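Chain A is the first sequence line, chain B the second, and so forth, proteins listed ahead of strands; every chain is numbered from 1. What you see is a predicted model, and the numbers here were worked out from it, not measured in a lab.
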2 protein chains.
Amino acid sequence: MHTGRAPTRAVLTSELGVTRATAGAVATELEALRLIKVDQRPHAAAGHQGRPSHRLSVNPDGPVALAAQVHADGFRAALVGLGGRIVATAPDCMDVPADPQAVLAAVVEAGAQLLRETGRRCVGAGLAVPSAVAEPGGEALNPLHLAWPAGAEVRRIWGECLTEAGIGGYGGFTGNDINLAALAEHRHGAGQGAKDLLCVATGHRGVGGALVLDGRLHTGSAGLALEVGHLTVCPDEGAPCHCGSRGCLDVETDPLAFLTAAGREPGPEVSLLQQARDLVRSSMDDEAVRTAVEVLIDRLGLGLAGLVNILNPDRIILGGLHRDLVEADPERLHGVVARRSLWGRSGAVPIVPSTLDHGSLVGAAELAWQPILDDPLRLVG
Amino acid sequence: MHTGRAPTRAVLTSELGVTRATAGAVATELEALRLIKVDQRPHAAAGHQGRPSHRLSVNPDGPVALAAQVHADGFRAALVGLGGRIVATAPDCMDVPADPQAVLAAVVEAGAQLLRETGRRCVGAGLAVPSAVAEPGGEALNPLHLAWPAGAEVRRIWGECLTEAGIGGYGGFTGNDINLAALAEHRHGAGQGAKDLLCVATGHRGVGGALVLDGRLHTGSAGLALEVGHLTVCPDEGAPCHCGSRGCLDVETDPLAFLTAAGREPGPEVSLLQQARDLVRSSMDDEAVRTAVEVLIDRLGLGLAGLVNILNPDRIILGGLHRDLVEADPERLHGVVARRSLWGRSGAVPIVPSTLDHGSLVGAAELAWQPILDDPLRLVG
DNA sequence: GTATTTTGTTTAGCGTCGGCACAAAGACAG
DNA sequence: CTGTCTTTGTGCCGACGCTAAACAAAATAC
């Protein structure tokens, strides 16, 4: 169902490998649920003979998922339609109480406001947090950037706030922000069609990873997988890391590491990530900046090579500052990864920049949409 | 279906979550296929009331899978029944031609001989090789220990040899030996019930890994995943590795590394693996040996911690020399892994020795059994 | 204007599975 | 010993999801 836009019933038959009858039934059903709409006037395909087909498209006025993201500087809420299109966005809120209960209540209130304004039906709500999320309980294990207590029961609180506000659908879902961005890239971004998709991204501080296998997030047995920040990428003498080791990917390739390597003093006005990205984009003719980019690419490449040896992905998507690094010098990064991974030459992995601006939001919505994609029947009514 | 031995129809109903009717139908069907047999006399369950149930057990005289393993010193062939029981074994052959075609022909001949002798029906044939196996083509990418050409089309040759010998069933399957051992441990050994199972093992030289997710082998997008041998575990000054780096798990924790660390000169009489294992088992009161064990455990632990951070398995099985290491001092290994992994204290991972003697063989057979487990109907006839 | 091609819908049929009733075989109470 | 209860195994029916095949629709090709 995540194959581009506006297919026809005929495309569905071949894409899903079912008969025309089944594809037609599915289409009728989805239309009855107001999830899709069917062109009244058939689309005359030029150069093709035979009966022209009706295009099926996501109903822009259909139900939505409530998506929210909490980050270091505040939170953000939006309504996301089927297919990952953001329908409405609440103004970013920069007021961040240290109490998760209070934050999530405010998030839900913003979402409820959006739903009231637009009059949309809500199929569920997803929340992205900048922390490892334990499975199956949904506790935020290391919400360092939020000043929340470790182990905060985010999923439970999220669910309670939602029911309190009367937002129903298929309930509340929570996940790590990078995991959800990876899911979104797989469904609607640069990861479409990948079988084993690896995503690596910087936040404002630190580095995170995510893995999408056969279209499903792989979070490990307890939700703690892809903690890629502590791969050693600077064996000889790296900066000390809070994990106790030295030269971790986390402290060697994050925005602060880049600013330091470029000899810039980080200012307090905007986020470190923003400063670092601006520097890469504006000052590649500066010798110090170019050298810093090369150093970080070499370290990142070493880390990616280690991951390639273990995971053997068929695509890698880079986000945050890493996205700017690969865009600045893709050849160098490809070269390092190929040289340092065992199957570098034979199995060169495509490494591409992320394409979605609000991947975590879209991914959070995707969680809420999932039950409906799995079984559209149960939503009848 | 891999839940211990001799369940009853009633157990199937609860275990598979189906009705008694369906469980009964499945049992009848499997019996008709001679895959299982049903106790004539019902098993009186002591202390239980109600009608006693008939035990269902794997038919020891039923069809078998042909399983074979090629290794550095020769090859081995066996017939394996449903449930991983080895029914018959051919005498180990130590004659190893350098030509894969010739070796596999000899392997198939040994297997055909076994089938003739026992008169069993063959449901398929699986082959384990000590090399990464490319997917989906099935080429052996680094058969270093076999003196085969890299990229040898093992799967094609195996299939051709089988059809030539008239061994039918569901065809030929090939896989990496450690991958298959991991699959076998998950189905019938120390890995039962694990959701995310990581296996790490030494062969005679080098270190390999495998991952079983939700009961299925994860081999990555091209079959090249879990090349764990080149994790850095000796940052300061490790031995040089053929991969170009230093201090890799491969050269720091394999049998030769252990013998060197213990100050022993490896002799030519038996394999390095055998010498190393004998040393661990017999001479733990020797100071040099004990120190060597501790050094290797520390390095192995560092490597495992890195894998835990990325994969978050819920169980780790160690094979080869690593099995002896964990048996010699489990506390030390657990401690290192917990200290060096991010979620060490909260998410301590069980690390257990492998339990199967011929895991690769059983796993190879498992590949051949898989189509029948997936759909027993199609074998009617 | 007719034939052909492609798409969409209707109808019949098949296979799977759950629900239910019934039979079987023992335990337990009197 | 007998009747009741509990658990297991089996046969039957219907709901459901899908395929196959026939039919209808709407364009192009000649």
Side-chain angles (χ1 to χ4, degrees), chain A residues 1 3-59 370-381, chain B residues 1 3-59 370-381:
Chain A
M1 283 294 292
T3 59
R5 50 213 116 288
T8 66
R9 293 180 178 84
V11 171
L12 284 188
T13 56
S14 62
E15 203 94 3
L16 302 178
V18 296
T19 59
R20 286 205 302 274
T22 317
V26 168
T28 333
E29 186 189 317
L30 292 178
E31 196 187 8
L33 297 171
R34 300 181 40 79
L35 292 176
I36 65 169
K37 64 182 179 53
V38 181
D39 275 8
Q40 286 311 316
R41 211 172 302 279
H43 190 263
H48 257 263
Q49 62 174 349
R51 174 176 172 174
S53 46
H54 301 254
R55 298 201 96 94
L56 311 175
S57 48
V58 171
N59 181 5
Q370 195 61 53
I372 291 153
L373 297 175
D374 287 343
D375 182 6
L377 265 176
R378 283 154 53 192
L379 199 72
V380 175
Chain B
M1 284 293 293
T3 59
R5 49 215 116 288
T8 67
R9 291 180 178 84
V11 171
L12 283 189
T13 55
S14 62
E15 202 95 3
L16 301 178
V18 295
T19 59
R20 286 206 303 274
T22 315
V26 168
T28 327
E29 186 190 318
L30 292 178
E31 197 188 5
L33 297 172
R34 301 181 39 81
L35 293 176
I36 64 170
K37 64 183 179 52
V38 181
D39 275 8
Q40 287 312 315
R41 210 172 303 278
H43 190 265
H48 257 263
Q49 58 176 351
R51 173 176 173 175
S53 47
H54 300 255
R55 298 202 95 95
L56 311 175
S57 49
V58 171
N59 181 5
Q370 195 62 52
I372 290 152
L373 298 175
D374 287 343
D375 183 6
L377 265 175
R378 283 154 53 191
L379 199 72
V380 175

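Considering only heavy atoms from C-beta on, H54(B) comes within 4.5 Å of R9(B) through its side chain. At a threshold of 4.5 Å between non-hydrogen side-chain atoms, the residues L56(A) and L12(A) count as touching.
Nearer to the 5' terminus of DNA chain D, by closest-nucleotide assignment, is the contact made by T28(B) (compared with the other of T28(B) and G17(A)). If G50(A) and T19(A) are placed on DNA chain D by their nearest nucleotide, the residue sitting closer to the 5' end is T19(A).
When the side-chain nitrogen and oxygen atoms of T13(A) are compared with OP1 and OP2 of dT7(C), none of them lie within a distance under 4.0 Å. One finds no side-chain N or O of T8(B) lying less than 4.0 angstrom from the OP1 or OP2 phosphate oxygen of dT8(D). The phosphate of dT6(C) has neither OP1 nor OP2 within less than 4.0 Å of any side-chain N or O from R20(A).
The distance between atom NE2 of H48(A) and atom P of dT6(C), rounded to the nearest whole Å, is 8 Å.
The two residues N59(B) and R34(B) make their nearest non-hydrogen contact at ND2-O, 3.0 Å. Residue A27(A) comes nearest to I36(A) through the heavy atom pair O-CD1, 3.7 Å, listed as atom of the first residue, atom of the second, then distance. In this structure, A23(B) and V18(B) approach most closely via the heavy-atom pair N-CG2, 4.1 Å.
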Please list each protein N or O that sits under 3.5 Å from an N or O in nucleotides 12-14 of chain D, with the distance.
none

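Here the side chain of R51(A) is nearest to one of dG18(C), dA24(D), dA25(C), namely dA24(D). Ranking dG8(C), dA27(C), dG9(D) by closeness to the S53(A) side chain, first place goes to dG8(C). Here dG18(C) is the nucleotide among dA27(D), dG9(D), dG18(C) with the atom lying nearest to any side-chain atom of V18(B). When distances run from any side-chain atom of H54(A) to the nucleotides dA29(D), dG8(C), dT6(D), the shortest one goes to dG8(C).
Scored by the side chain to side chain donor-acceptor pair (under 3.5 Å) test, T19(B) finds T22(B) as partners (sequence neighbours excluded).
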